[in-house]
Each structure stands twice: as C-alpha cells, then as structure tokens.
Amino acid sequence: MIVWLNGTHGAGKTTTSALVQQLIPDSRVFDAEKVGETLMDITPGLPATDNFQHWPPWRPLVVETARRVLDYTGGTLVVPMTVLVEQYWREISTGLSHHAIPVRHFVLHADQDTLRGRILGDALLGPSPFRLAYLDPYAEAARTWLHAEAEVVDTTHLTPAQTALQIAEALRS
C-alpha cells in the first residue's frame with residue numbers, strides 16, 4: 001500500500017511522513033522528490049523547467065520506483081510529495097492502480113496565512129520564494145479537484161505528531 005501525503009509547502013508533509021512511518025508497522029518513507037533530483041542531475045540537462053514534475057519521465061519513474069520497492073520489501077510506502085497538477089496525479093494514481101497498488105491519498109491542509117507563516121519561519125530551509133510561489137496553485141487545486149480526491153487533514157492547529165496520529169487512525173479504520 002501507499003500512503004500519499006499531498007499538500008503544498010509548509011503543510012507538514014516531510015515531518016509528518018517520518019512520524020506516520022513510525023506508527024505503521026513494516027513501512028518506509030519514499031521521497032519521490034529524489035526521482036526528480038536524479039532527473040535534474042542528467043548532463044547535459046533536460047529541457048528547462050521550473051518544476052521537475054513537468055518532465056514526462058518523472059511520473060512513470062515514481063510509479064515504477066514505488067512498485068519495485070514494494071515488490072522487494074512489501075509493506076507500506078509513505079510518500080510525502082506535493083502534486084498539484086490533476087493530470088499528473090491521474091498519471092501516478094492510474095499507474096499505481098495498474099499494478100494493483102492501493103493508495104490512501106491524504107492532503108495536509110492549512111489556511112494560507114498559516115502556510116505563509118510556516119514557510120517564512122522555517123528554521124531549516126529559511127524563507128523561500130520557491131515555496132511561497134506554490135501557495136496560489138495549491139489553493140486553486142484544493143478548490144477545483146485536490147480536496148475531492150483525498151482525505152483532507154487540516155493541520156492549521158495540529159502538531160505534526162497529532163497529524164500523524166490522525167492519519168494512522170484513519171488507516172486503521
């Protein structure tokens with residue numbers, strides 16, 4: 001099974017994914033961003049883009065990597081990855097479904113002011129124009145398709161530990 005943690009930057013995906021992994025027996029965290037980083041390392045580079053998700057190989061490589069890891073290890077993969085383009089989510093979820101891999105899709109949501117505050121106050125990454133630029137696309141995706149495609153967990157007033165526990169409890173039910 002895959003537990004996909006979606007949502008924009010500042011929602012708490014990375015921190016929560018590590019905590020969810022601790023609560024789910026036989027689970028591992030798979031950061032699909034590493035697939036994008038591998039594509040970014042190709043020399044000479046792939047066509048210029050502001051987001052590696054726009055490269056057509058990224059989506060099937062995420063599916064294939066997840067499939068291969070699950071075939072090898074079994075268990076559950078916890079995937080903290082923002083996907084805000086509906087077509088990209090369809091490609092990934094359809095690809096996983098084609099391999100009979102069940103997916104529980106959660107969106108970690110917070111209001112715009114909270115997200116902005118978390119991004120600006122991030123002690124590890126610092127304020128990030130890149131991360132801030134995704135607030136409006138997230139709001140649009142949430143309004144038009146994303147929240148209808150997932151189990152929404154409002155993290156506005158939750159700690160990462162509370163968020164992880166809520167997800168683990170949803171998985172048990």
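Remember, predicted model here, so these are calculated numbers, not experimental data.
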- Task: Would you check if Met81 and Leu5 make a side-chain contact, meaning some heavy-atom pair closer than 4.5 Å?
- Result: no
- Item | Of all pairs that satisfy salt bridge (Lys or Arg N to Asp or Glu O under 4.0 Å), the ones with a partner from residues 16-26, not counting sequence neighbours | Asp26-Arg28
- Query: Where do Leu115 and Asp113 land on the side-chain contact (heavy atoms from CB on, under 4.5 Å) test, with the steps shown first?
  - Reply: CA-CA 5 Å; Leu115 292 168; Asp113 289 339; over 6 Å; no
- Search all heavy atoms of Pro102 against all heavy atoms of Ala100 and return the closest pair with its distance. CD-O, 3.3 Å
- Compare all side-chain heavy atoms of His9 with those of Arg118 and state whether any distance is below 4.5 angstrom. no
- Query: Is the closest side-chain heavy-atom distance between Leu61 and Leu39 below 4.5 Å?
  - Reply: yes
- Query: How far does CD of Glu86 sit from CD of Glu91, to the nearest 0.5 angstrom?
  - Reply: 11.5 Å
- Message: Any side-chain to backbone donor/acceptor pair from Asn6 onto Val83? Under 3.5 Å, distance only.
- Response: yes
- side chain to side chain donor-acceptor pair (under 3.5 Å) pairs touching residues 161-173, sequence neighbours excluded, are Thr159-Gln162
- Item | Nearest heavy-atom neighbours spanning Gly12 and Thr16 | O-OG1, 2.7 Å
- Query: side chain to side chain contact (heavy atoms under 4.5 Å, CB included) with Gln22: which of Ile24, Leu19, Val20?
  - Reply: Leu19
- Query: Closest heavy-atom contact between Asp122 and Leu124?
  - Reply: OD1-N, 2.8 Å
- Query: Going through the checks in order, is the side-chain contact (heavy atoms from CB on, under 4.5 Å) test met by Gln112 and Asp136?
  - Reply: CA-CA 9 Å; Gln112 293 281 305; Asp136 288 339; 4.2 Å; yes
- hydrophobic_cluster_shared for Leu46 and Met40, side chain cutoff 4.5 Å: yes
- In this structure, CH2 of Trp89 is separated from CD1 of Ile92 (nearest 0.5 Å) by 6.5 Å
- Search all heavy atoms of Thr155 against all heavy atoms of Ala11 and return the closest pair with its distance. OG1-O, 3.2 Å
- Charged N-O contact under 4.0 Å between Arg90 and Glu149: yes
- Judged by atom type as modelled, is there a donor-acceptor pair below 3.5 Å linking the side chain of Gln21 to the main-chain atoms of Ser27? yes
- Min side-chain heavy-atom separation Glu151-Val107 under 4.5 Å: no
- Item | Short side-chain donor-acceptor distance under 3.5 Å, Tyr134 and Asn51 | yes
- Item | Close aromatic pair by centroid cut-off 6.0 Å: His109 and Tyr138 | yes
- Is atom CZ of Arg68 surrounded by more than 12 heavy atoms (other residues, nucleotides or ligands) closer than 6.0 Å? no
- Would you call Asp71-Arg67 a salt bridge at under 4.0 Å N-O? yes
- Query: Does any non-hydrogen side-chain atom of Val79 lie less than 4.5 Å from one of Val103?
  - Reply: no
- Using modelled atom types only, decide if a donor and an acceptor are shared between the side chain of Trp55 and the backbone of Pro47 within a distance under 3.5 Å. yes
- CG (Leu84) and CD (Gln53) are apart, to the nearest 0.5 Å, by 7.5 Å
- Message: Ignoring hydrogens, what is the shortest heavy-atom contact between Pro80 and Val78? Give both atom names and the distance.
- Response: CD-O, 3.4 Å
- Is the shortest heavy-atom distance from the side chain of Trp4 to the side chain of Ser93 under 4.5 Å? no
- Task: For Lys13 and Thr8, indicate whether the former's side chain and the latter's backbone hold a donor-acceptor pair under 3.5 Å.
- Result: yes
- Query: Is any side-chain heavy atom of Val3 less than 4.5 Å from a side-chain heavy atom of Phe106?
  - Reply: yes
- Task: For residues Phe30 and Thr65, determine if any side-chain heavy atom of one lies less than 4.5 Å from a side-chain heavy atom of the other.
- Result: yes
- Message: Ignoring hydrogens and geometry beyond distance, is a side-chain donor-acceptor pair present between Asp111 and Thr114 at under 3.5 Å?
- Response: yes
- By ring pair (Phe, Tyr, Trp, His ring centres under 6.0 Å), His54 pairs with (sequence neighbours left out) Tyr88
- Message: Please say yes or no: joined through hydrophobic side-chain contacts below 4.5 Å, possibly via intermediate residues, are Leu23 and Leu158 part of one cluster?
- Response: no
- Task: Indicate if Val35 and Val63 have the same hydrophobic cluster label, given that clusters are the connected sets of ILVMFWY residues with side-chain heavy-atom separations under 4.5 angstrom.
- Result: yes
- Would you check, one step at a time, whether the test side-chain contact (heavy atoms from CB on, under 4.5 Å) holds for Ile2 with Thr76? CA-CA 6 Å; Ile2 289 180; Thr76 299; over 6 Å; no
- Exam field: side chain Ser128 to backbone Arg131, donor-acceptor pair closer than 3.5 Å: yes
- Message: Could you see if Val85 belongs to whatever hydrophobic cluster contains Phe130? Use Ile, Leu, Val, Met, Phe, Trp, Tyr and a side-chain cutoff under 4.5 Å.
- Response: yes
- Write down the atom of Phe52, the atom of Glu33, and the distance for their closest heavy-atom approach. CZ-CG, 3.6 Å
- Message: How long is the straight-line distance from CG of Leu77 back to OG of Ser17, given to the nearest 0.5 Å?
- Response: 11.5 Å
- Path from Leu70 to Tyr72 over hydrophobic side-chain contacts below 4.5 Å: no
